[in-house]
Chemist: 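One structure, as structure tokens, below. Some questions next.
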Amino acid sequence: MKTVSLSRQAYKPAIPYPNAATRRQVFHKWLDTLLVTASSIGITVMLAFLLTMG
């Protein structure tokens with residue numbers, strides 16, 4: 001009986017410089033910035049609405 005062993009190595013993207021950010025990390029940082037901006041605009045609009053109604 002033959003035994004087949006599978007060697008699965010984790011995919012490691014090529015990073016040109018040490019400690020360089022991957023494309024996914026850059027995208028997540030951009031997405032976080034967009035989320036903070038949208039939240040800030042929403043809070044500002046909410047406060048302006050509350051001030052005008054009061």
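Computed from heavy atoms alone, side chains included, the values below leave out hydrogens, waters and symmetry copies.
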Chemist: Starting from Ile41, walk the hydrophobic network (Ile, Leu, Val, Met, Phe, Trp, Tyr; side-chain heavy atoms closer than 4.5 Å) and list everyone else you reach, by chain and number.
Modeler: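 Members other than Ile41 - counting any ILVMFWY side chain reachable under 4.5 Å - are Val45.
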Chemist: Give me the other members of the hydrophobic cluster that Leu50 sits in, counting Ile, Leu, Val, Met, Phe, Trp and Tyr linked by side-chain heavy atoms under 4.5 Å, directly or via other members.
Modeler: Met46
Chemist: Linking directly or through intermediates, with side-chain heavy atoms under 4.5 Å: list the remaining ILVMFWY members grouped with Trp30, chain and number order.
Modeler: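 So far as hydrophobic clustering goes, Trp30 is joined with Phe27, Leu31, Leu34.
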